[in-house]
Each structure stands twice: as C-alpha cells, then as structure tokens.
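Both backbone and side-chain heavy atoms feed into the values below; hydrogens, waters and symmetry mates do not. For ligands, and for the atoms within them, numbers begin at 1 and follow the listed sequence.
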Amino acid sequence: MRDCVFCRIVARQSHADVEYEDDAVLAFKDIYPKAPVHVLIVPKRHIDSILTMERQDAELLGRCLLAARTVGEAKGFGERGYRLRVNCGPGGGQVVNHVHVHFLAG
Ligand code: 5GP
Ligand code: ZN
C-alpha cells in the first residue's frame with residue numbers, strides 16, 4: 001500500500017474516530033479540529049488531489065458530498081448548514097495528498 005495516512009485509516013491500520021462509512025467513503029474526526037465539529041470525508045479509493053482528478057473520479061467525489069450531507073443531518077446541522085472545504089494542492093493548504101472534504105460546523 002502507498003504511504004498515505006488516510007489510506008492507512010481506510011485500511012484500519014491507523015486509528016480514527018469514524019463518523020460515517022459506506023462502500024465508497026469514510027468520514028472521521030479531524031485529529032486537530034478547527035471547529036467544534038470537524039470531520040474529514042475521504043474516498044476509500046486513493047485520489048491525490050482535485051488538482052489531478054480525472055473524469056472517472058467525479059462520481060466518487062460526488063459520493064463524498066452526499067456523505068457530507070449525511071454527516072450534517074446526523075449531527076443536527078441539516079437545516080442550519082455547515083461549511084465544506086477542499087484544500088487543493090500546496091498553494092491551497094493541502095497537506096495530506098489524499099483528497100478530502102473538511103466538514104466544519106458549530
Ligand atoms: P489539509 O490541510 O491537507 O486539507 O488537511 C489535512 C487535515 O488532516 C488536517 O486538518 C489535519 O489535522 C488532519 N490530519 C492529519 N493527519 C491526521 C490523522 O492521522 N488522523 C486524523 N484524524 N486527522 C489527521
Ligand atoms: Zn491515500
């Protein structure tokens with residue numbers, strides 16, 4: 001397996017506090033939360049970044065957004081709303097090169 005911290009979490013080789021899982025997506029608490037609710041939503045299949053995503057990745061990234069909706073509803077933010085953020089590449093603040101959506105609320 002590639003040396004990727006989020007792939008290790010997906011493979012359950014590293015611990016994370018999982019908030020949501022389906023066949024394609026895993027969502028877990030950010031280890032250094034920047035908001036009262038800070039969840040990371042990642043595709044189980046490794047994609048580096050929006051910078052290099054391909055047409056074939058579009059549905060999987062859409063699944064991440066649907067998972068964000070599910071997390072939001074489960075945490076009681078389904079009506080109030082929340083912020084989703086995707087850092088893209090070093091200039092966008094992306095540190096972990098496994099694409100992820102930050103779910104920030106509260
Ligand atoms: P980025 O800056 O790449 O968009 O965000 C990476 C996020 O991953 C950061 O908010 C950071 O706190 C989080 N993070 C990095 N390593 C780990 C880890 O091992 N476990 C968890 N749960 N979060 C991590
Ligand atoms: Zn990965």
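Listed here is the closest heavy atom pair of His46 and Cys7: ND1-SG, 3.5 Å. Taking every heavy atom of both residues into account, Ala27 and Val71 meet most closely at CB-CG2, 4.2 Å.
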side-chain contact (heavy atoms from CB on, under 4.5 Å) between Asp57 and Arg45, intermediate numbers included: CA-CA 9 Å; Asp57 301 325; Arg45 173 167 67 75; 3.0 Å; yes
Intermediate values then yes/no, side-chain contact (heavy atoms from CB on, under 4.5 Å), Leu61 and Met53: CA-CA 9 Å; Leu61 292 174; Met53 73 170 280; 3.4 Å; yes
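Here's the thing with Val95: one of its N/O atoms is less than 3.5 angstrom from an N/O atom of ligand 1. Close N/O approach between Ala16 and ligand 1 is not found [any backbone or side-chain N/O within under 3.5 Å]. Between Phe6 and ligand 1, a contact under 3.5 Å exists for no N or O pair. Checked by distance only, ligand 1 and Asp30 come closer than 3.5 Å through their nitrogen or oxygen atoms. In terms of polar-atom proximity, Val96 is counted as a contact of ligand 1, with an N or O under 3.5 Å from an N or O of the ligand.
The ring of Phe6 has its center closer than 6.0 angstrom to the ring center of His100.
Numbered from 1 in the order shown, with element, the atoms of ligand 1 that lie under 4.0 Å from a heavy atom of Tyr32 read 12 (O). Interface atoms of ligand 1 facing His102, defined by a heavy-atom separation under 4.0 Å, are 1 (P), 4 (O), 5 (O), 7 (C), 10 (O). The Val5 neighbourhood of ligand 1 comprises atoms 19 (O), with distances under 4.0 Å to a heavy atom of that residue. Listed by atom number, the atoms of ligand 1 under 4.0 Å from Gln94 heavy atoms are 3 (O).
Judged purely by atom type and a 3.5 angstrom limit, His38 has no side-chain atom pairing as donor or acceptor with the backbone of Ile31. With hydrogens and angles ignored, the 3.5 Å screen pairs a side-chain donor or acceptor of Gln94 with a backbone N or O of Gly89.
Considering only residues two or more places apart in sequence or on other chains, Asp22 meets the side chain to side chain contact (heavy atoms under 4.5 Å, CB included) condition with Tyr20, Ala24, Val25, Arg63.
Among the heteroatoms counted here (N, O or S) of His98, ND1 is the one nearest to the Zn ion (ligand 2). For His46, the N/O/S atom at the shortest distance from the Zn ion (ligand 2) is named ND1.
Side-chain contact check for Phe77 versus Arg83: every heavy-atom pair is 4.5 Å or farther apart.
When non-hydrogen atoms are compared, ligand 1 lies under 4.0 Å from the side chain of Asn87 (C-beta onward) but not from its backbone. At a 4.0 Å heavy-atom cut-off, ligand 1 touches Ile9 through the side chain alone.
Given atom 24 (C) of ligand 1, the protein heavy atom at minimum distance is Ile31 CG2, 3.5 Å. Protein heavy atom in closest approach to atom 22 (N) of ligand 1: Lys29 O, 2.8 Å. Of all protein heavy atoms, the one lying nearest to atom 2 (O) of ligand 1 is Gly93 O, 2.7 Å.
Judged by the shortest distance from any of its heavy atoms, His100 lies inside the 4.0 Å radius around the atoms of ligand 1.
More than 12 heavy atoms of other residues, nucleotides or ligands shown are found within 6.0 angstrom of CZ on Arg12. Around atom CD of Gln56, more than 12 heavy atoms belonging to other residues, nucleotides or ligands sit under 6.0 Å away.
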